[in-house]
Amino acid sequence: MPLGAVPLPLRALAATALCWPAVAQAAFAPPLDQPLRHQLVEERTTAGTIQRFTSTRMLRFSRIADGYRVQVEIVANDTAAGAAGDLFGWMMSAFAGRTLNFRLDANGALVAVDDADAHWNRLCDTIAAIPGQSRDRTEKLRALAAQLRAAPAASRLRMLGSIVTGVIAADAAEMAAGTRAVQVPVAGAVPLPGVQRVLRAGNRIRVEVSAEGDLSLGDAAGRIAWHPTREADAATGMLLNERSERRITLAGRPGAAAPTTTVVVTATLDRVS
């Protein structure tokens with residue numbers, strides 16, 4: 001199933017605000033056997049209405065023979081009223097209070113998710129059981145759940161794995177300071193042309209991207225402007241903080257104003273003493 005067919009709230013689960021370039025030798029040395037708190041806040045504004053979703057996850061990295069194991073517990077989710085926020089909140093509730101175990105290779109790349117089928121089925125069951133505000137919404141949710149059940153294994157791994165891969169920036173140490181043209185992959189859009197700016201101050205790496213282009217969401221089309229900023233620690237290959245702003249404008253009916261949605265996502269990763 002193309003990722004572009006998935007509604008925006010679910011794609012937010014799988015989207016990465018910034019892709020670090022692949023390199024031969026990645027620097028990855030996460031703090032071991034120490035709790036880390038990953039906090040995310042998403043605010044979605046459409047026609048003056050703001051929906052807010054927050055999620056708190058606790059992570060713990062440990063060494064295994066061929067890489068790392070990461071335990072992730074979804075300890076808190078909160079969402080404001082509204083269709084999009086409700087959908088995201090319901091989906092994340094599938095994992096609330098549960099611990100997911102991920103396996104990474106020595107460079108921090110995702111290898112596997114333990115009990116992936118069980119977690120994926122729980123997610124699909126949760127989506128199918130979301131109370132529909134109308135018959136049409138209920139049918140769309142059930143159709144979405146059916147599409148996700150048929151998703152290939154690689155897509156399932158990528159989407160489940162996004163719960164932990166968002167905090168990994170293992171290739172940050174190899175990024176040279178400067179400004180360059182980039183192509184930014186975005187679900188539902190061709191790669192967006194943009195500009196990337198890399199700033200370095202010791203082990204602190206700051207990457208800013210500005211990109212804009214066409215967007216297709218099912219039968220709707222429009223434009224997307226994306227401005228992610230991410231800071232990482234080159235010594236550990238881990239996220240420090242990030243902020244991503246997406247402005248999505250879909251083509252309106254003739255004579256009607258084009259609806260615009262602005263989505264701002266912020267995230268922090270902190271050690272817990």
Side-chain angles (χ1 to χ4, degrees), residues 8-17 28 30-44 50-64 67-82 84-104 108 110-131 148 156-169 230-233 236-244 263-273:
L8 281 171
L10 185 54
R11 289 210 306 279
L13 180 66
T16 301
F28 188 57
L32 300 178
D33 303 313
Q34 180 176 350
L36 306 172
R37 181 172 52 239
H38 185 209
Q39 292 185 306
L40 299 96
V41 178
E42 176 180 313
E43 289 190 346
R44 179 182 299 265
I50 299 177
Q51 299 167 347
R52 192 172 191 267
F53 172 79
T54 64
S55 179
T56 302
R57 302 111 184 249
M58 297 300 297
L59 295 78
R60 186 183 293 269
F61 287 79
S62 58
R63 286 288 307 193
I64 55 178
Y68 298 88
R69 177 179 298 278
V70 192
Q71 289 184 324
V72 181
E73 180 184 4
I74 311 297
V75 296
N77 291 315
D78 181 53
T79 183
D86 286 348
L87 179 56
F88 201 178
W90 272 99
M91 291 185 301
M92 293 307 297
S93 72
F95 307 119
R98 297 182 179 275
T99 298
L100 288 76
N101 290 283
F102 301 85
R103 281 174 283 155
L104 312 176
L110 180 68
V111 174
V113 182
D114 292 355
D115 301 318
D117 288 345
H119 291 313
W120 191 256
N121 289 335
R122 185 177 298 110
L123 174 63
C124 294
D125 291 344
T126 299
I127 294 172
I130 295 174
L148 290 174
R156 298 184 183 194
L157 176 64
R158 183 172 61 251
M159 294 179 71
L160 288 174
S162 67
I163 294 174
V164 69
T165 55
V167 306
I168 297 171
R230 203 177 205 209
E231 292 189 331
D233 181 0
T236 63
M238 298 288 290
L239 172 77
L240 294 173
N241 61 77
E242 66 181 324
R243 184 183 188 276
S244 172
V263 182
V264 176
V265 180
T266 58
T268 57
L269 184 68
D270 303 301
R271 300 192 187 196
V272 179
S273 57

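- Taking every heavy atom of both residues into account, Arg37 and Thr56 meet most closely at CG-CG2, 3.8 Å.
- Using a 4.5 Å heavy-atom cutoff, the side chains of Leu104 and Leu110 are in contact.
- Between Arg60 and Asp33, no side-chain nitrogen of the basic residue sits less than 4.0 Å from a carboxylate oxygen of the acidic one, so the salt-bridge criterion is not met.
- Trp120 places a side-chain N or O within donor-acceptor distance of the main-chain N or O of Leu148, the cut-off being under 3.5 Å.
- Side-chain contact check for Thr266 versus Gln39: every heavy-atom pair is 4.5 Å or farther apart.
- Using a 4.5 Å heavy-atom cutoff, the side chains of Gln34 and Arg271 are in contact.
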Would you check, one step at a time, whether the test side chain to side chain donor-acceptor pair (under 3.5 Å) holds for Ser55 with Arg57?
CA-CA 7 Å; Ser55 179; Arg57 302 111 184 249; 3.0 Å; yes

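- Looking at Val264 and Ser244, their side chains never come closer than 4.5 Å, going by heavy atoms from C-beta outward.
- Of all non-hydrogen atoms in Arg69 and Asn101, the two that sit nearest each other are NH1-CB, 3.8 Å.
- Contact between Thr126 and Ala94 at its shortest, heavy atoms only, is OG1-CB, 3.3 Å.
- Val272 is not listed as a side-chain neighbour of Leu36, based on a closest heavy-atom distance of 4.5 Å or more.
- Contact of the Arg44 side chain with the Ile50 side chain is not registered, since no non-hydrogen atoms from C-beta on lie closer than 4.5 Å.
- Side-chain contact between Arg98 and Arg122 is present, with heavy atoms from C-beta onward closer than 4.5 Å.
- You'll find the ring centres of Phe102 and Tyr68 outside the 6.0 Å limit.
- By the 4.5 Å heavy-atom criterion applied to side chains, Val72 and His38 are not counted as neighbours.
- A pairwise comparison of heavy atoms in Glu73 and Gly97 identifies OE2-O, 4.3 Å as the closest pair.
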